[in-house]
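This report refers to the structure that appears directly beneath it.
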Amino acid sequence: MQPPQLSPEDRARALAKAAASRKRRAEVKAQIKSGEYSLIRVFEISKSDEAVAKMRVFELLESISGVGKVRARSVMERLNISPTRRIQGLGAKQLPALLLEFASPTLIERGKLLVLSGPGGVGKSTVAKELRKEANFYVSISATTRIPRHNEHEGVDYFFISDSEFEARKAAGDFLEWAEFAGAKYATPKSQVEDALAKGKNVLLEIDIAGAEQVRKVSTEAILVFLEPPSWEELVTRLEARGTDSAERRAHRLELAQEELAHAPNFDHRITNHSVTQVLSVLVSLAS
Ligand code: 5GP
C-alpha cells in the first residue's frame with residue numbers, strides 16, 4: 001500500500017492534531033486519577049470528543065485511583081475486552097459491565113472467601129463445577145503447568161501456562177498461593193479473587209491442602225472447608241476409575257491422599273461428600 005502523499009503543511013497539521021489528542025487524553029487521565037471524573041463521565045465525553053473516544057480502555061482503567069495495570073488487565077480479560085480496544089470500540093454489554101465493575105466499593109458488601117480442599121479424587125472439582133452455576137459465586141480459575149486433559153478448556157478449567165511463565169508470575173507476586181502437586185505446579189491468581197470479593201461475590205478456591213494452608217496464613221477472612229470421602233474404599237474406587245490419569249499418577253495420588261486426610265483437623269469445617277447437592281447447600285450456607 002502506498003502511503004498518502006502529504007504536503008509539508010498536511011503533515012504539520014496531522015502532527016499538531018496528534019499532539020493535541022495526546023494532550024487531551026493526558027488531561028482526562030489526570031482527571032480520572034484525581035477522582036474528578038468518573039468512568040461514566042468519560043464515556044459521556046467520548047461521544048462528542050474524538051480524542052477521548054480513541055483512548056485505549058486499558059489506559060483509562062489503569063488511571064483509576066487504586067486500580068493499576070494488573071487489575072485493569074485482569075478485568076479486561078474477564079470481560080473479554082481486547083487489550084488494545086479503544087473506548088469507541090466497546091461493545092453494548094462491555095460498557096455497563098465496566099461501570100458495574102468499578103462502582104463505588106463502599107456501597108457493596110465484600111463477598112466471602114471459601115477454600116475447598118481435600119484429598120485428590122474426593123470430588124472437589126465436581127462441586128466447584130456445579131457452584132459455577134450459582135450467580136453469586138465466582139469459582140477461581142487456577143493457573144497450572146499441567147498438560148490439559150482431553151476434556152479441559154483454556155480459561156475455563158485452568159489457565160495452562162509454561163513453567164517459565166509460572167515462575168515469572170510467582171516472582172511478580174501475582175499468586176495468592178501456589179503448590180506443587182503430582183509433578184505439576186498450581187496457583188490461584190490474586191487479582192481475580194480480589195476483584196470478585198470487592199464486587200461482593202463469594203469466591204470459591206478449589207485447591208490442594210498445601211495451598212489451603214498457605215491461604216490460612218495470608219488471609220484472615222478465608223473459611224477453610226475440608227471435603228472428606230464417605231470412606232477410604234470409596235476414595236480408592238474413585239481414583240482407580242479416573243481414566244484420564246496414567247496408572248503411575250493414580251498410584252501416586254493414592255499415596256498422597258493418605259497423607260492429605262490427616263490434615264482435616266486444621267480446617268474450619270469438614271463436609272463428607274455423600275452427594276454434590278448436599279455439599280453445595282453447606283457451602284452456600286457458609287457464605288451467607
Ligand atoms: P488436577 O490436576 O486433578 O486438576 O488437580 C490436582 C490438585 O491440584 C487438586 O487437588 C486440586 O484441588 C489442586 N489445585 C487446583 N488448582 C489449584 C491451585 O490454584 N492451587 C493449589 N494449591 N492447588 C490447586
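Read the numbers this way: they start at 1 and go in the same order the structure lists the ligands and their atoms. If you're wondering where the values come from, they're calculated on a predicted model, not measured in any experiment.
- The environment of CG in Leu15 is crowded: more than 12 heavy-atom neighbours from other residues, nucleotides or ligands sit within 6.0 Å.
- Taking a heavy-atom cut-off of under 4.0 Å, ligand 1 is surrounded by Lys124, Ser142, Arg146, Arg149, Tyr158, Glu177, Ala179, Phe181, Tyr186, Ala187, Thr188, Glu206, Ile207, Asp208, Gly211, Arg242, Arg249, Arg253.
- Distance check, rounded to the nearest 0.5 Å: CD of Glu213 to NE2 of His263 gives 5.5 Å.
- Heavy atoms from other residues, nucleotides or ligands lying under 6.0 Å from CD of Glu50 number 12 at most.
- Contact detail for Gly211 and Ala179: the closest heavy-atom pair is N-CB, 4.3 Å.
- Between Phe175 and Phe166, the ring-plane angle classifies as tilted under the 30° and 60° cut-offs.
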Could you list the donor-acceptor pairs under 3.5 angstrom formed between side-chain atoms of residues 273-283 and any protein atom two or more places apart in sequence or on another chain?
unit_1 : atom_1 : unit_2 : atom_2 : d
Asn273 : ND2    : Val122 : O      : 2.8
Ser275 : OG     : Gln278 : N      : 3.1
Ser281 : OG     : Gln278 : O      : 3.0

